[in-house]
2 protein chains.
Amino acid sequence: MRPAKPTLTGQELEIMKVVWKLEKATVRQVYETLLERRRIAYTTVMTMMNILEQKGYLQKQQGDRAYVYQPTQPQSQVIRSMVREFVDRVFNGSAEPLLAHLVEDRHLTEKDLDEIRKSIKSARKSR
Amino acid sequence: MRPAKPTLTGQELEIMKVVWKLEKATVRQVYETLLERRRIAYTTVMTMMNILEQKGYLQKQQGDRAYVYQPTQPQSQVIRSMVREFVDRVFNGSAEPLLAHLVEDRHLTEKDLDEIRKSIKSARKSR
DNA sequence: CAATACGTACTAATTAATTAGTATGTTTGA
DNA sequence: TCAAACATACTAATTAATTAGTACGTATTG
């Protein structure tokens, strides 16, 4: 049996992104979307989506003709736990060094930090 | 042939962390260190370290008895590119949403942000 | 020096990840 | 209606990742 919430692998994440974007989608819809970027077989997408269902990330229901899949969790929540795992794995759980790296890489500006500062304050209020 | 700088996988990163810590190390040293945390075979460590050498992350030289392995790149540099890849993969390259997640997760405090702010300023000066 | 520990090369087993084919049944439009 | 398109279930091939075993040689030490 598969564990309850196994991590999303690379290709699985790609598919989830499409489904989140579309809110709900058939295999064909996802297939068409992915085709715009690269060559892939219809059945490959189907297999992946079924695995995602087994993993608990997607839910399917009978639609007009084909199954319609939809995410079981919002994107933000899933990504949050991916970040948490990454921080655990790479930085042993502390986010600060990650920040340092982001800054060094010039991905972050002072303006970004102001944004963040604000959001911290409001988060604190709502606690 | 292997690509020049393939990404580090989970277990490979664990081994690299040990070697970075020790600065240079034999298979046995890494093996002993990993043993403290979990059961693993000596040859497993050796295999992994040889793969890391093929991938260009480690360099080996003949030591007194055994080969001595050392990192070809500093930890900070490797981790920086792991962060970059993660940001690309999960956030399509923009770091800001990553920040938002870190904050929401309360991994980040205002104090952290002050630290970062300072480091941005000094980075700017040295540009 | 002989037994034991150590080191390396080579091989291999297992599992996960990725991609896709085939068989078969349903729907639909010309 | 019937051929083409579509859908799904089932199976499978390929590659990567992870873990480890075996054979064999060298070093060490009691």
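Chain letters run A, B, ... following the sequence lines, proteins first and then strands; every chain starts at 1.
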Take atom [atom1] of [X] and atom [atom2] of [N], then tell me their distance rounded to the nearest Å.
{"X": "B/Arg28", "N": "D/dT26", "atom1": "CZ", "atom2": "P", "answer": "18 Å"}
{"X": "A/Tyr69", "N": "D/dA7", "atom1": "OH", "atom2": "P", "answer": "11 Å"}
{"X": "B/Tyr31", "N": "C/dT8", "atom1": "OH", "atom2": "P", "answer": "14 Å"}
{"X": "B/Met49", "N": "D/dT18", "atom1": "CE", "atom2": "P", "answer": "16 Å"}
{"X": "A/Glu12", "N": "D/dA16", "atom1": "CD", "atom2": "P", "answer": "18 Å"}
{"X": "B/Tyr57", "N": "D/dA17", "atom1": "OH", "atom2": "C1'", "answer": "15 Å"}

Query raised in the report: Is it true that the NZ or CZ of A/Lys60 lies under 6.0 Å from the centre of A/Tyr69's six-membered ring and within 45 degrees of the ring axis?
Result: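 Output no; distance or angle outside limits.
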**Report entry** Ionic contact status for B/Lys55 with B/Glu12, cut-off 4.0 Å
**Finding:**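 Answer for the salt bridge query: yes.
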Query raised in the report: Should B/Leu22 and B/Leu34 be counted in the same cluster of Ile, Leu, Val, Met, Phe, Trp and Tyr side chains packed under 4.5 Å apart?
Result: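 Yes: a chain of side-chain contacts under 4.5 Å links B/Leu22 to B/Leu34.
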Requested in this report: Would you mind classifying the nucleic acid contact of B/Tyr67 as base, sugar-phosphate or nothing, using non-hydrogen atoms under 4.0 angstrom?
Outcome: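 Here B/Tyr67 touches the backbone only, sparing every base.
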Requested in this report: Check whether any side-chain N or O of A/Thr72 sits under 3.5 Å from a backbone N or O of A/Gly56 as a donor-acceptor pair, and report yes or no.
Outcome: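 Checked: pair present.
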Query raised in the report: When you check the phosphate oxygens OP1 and OP2 of D/dA7, does a side-chain N or O of A/Tyr42 lie under 4.0 Å from one of them?
Result: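 Affirmative; the distance criterion is met.
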Report task. Report yes if the side chains of B/Met82 and A/Arg89 come closer than 4.5 Å at any heavy-atom pair, otherwise no. Result ->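 In contact.
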Report task. Choose from D/dA7, D/dT18, C/dG7 the nucleotide whose nearest atom is closest to any side-chain atom of B/Gln11. Result ->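 Out of D/dA7, D/dT18, C/dG7, the nucleotide with an atom closest to B/Gln11's side chain is D/dT18.
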Report task. To the nearest 0.5 Å, tell me how far B/Thr44 OG1 sits from B/Gln11 CD. Result ->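 One finds 10.0 Å between OG1 of B/Thr44 and CD of B/Gln11.
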Report task. Do nucleotides 20-28 of chain C as a string where each nucleotide becomes B, S or -: B if the base has a protein heavy atom under 4.0 Å, S if just the sugar-phosphate does, - if no protein is that close. Result -> BBB---BSS
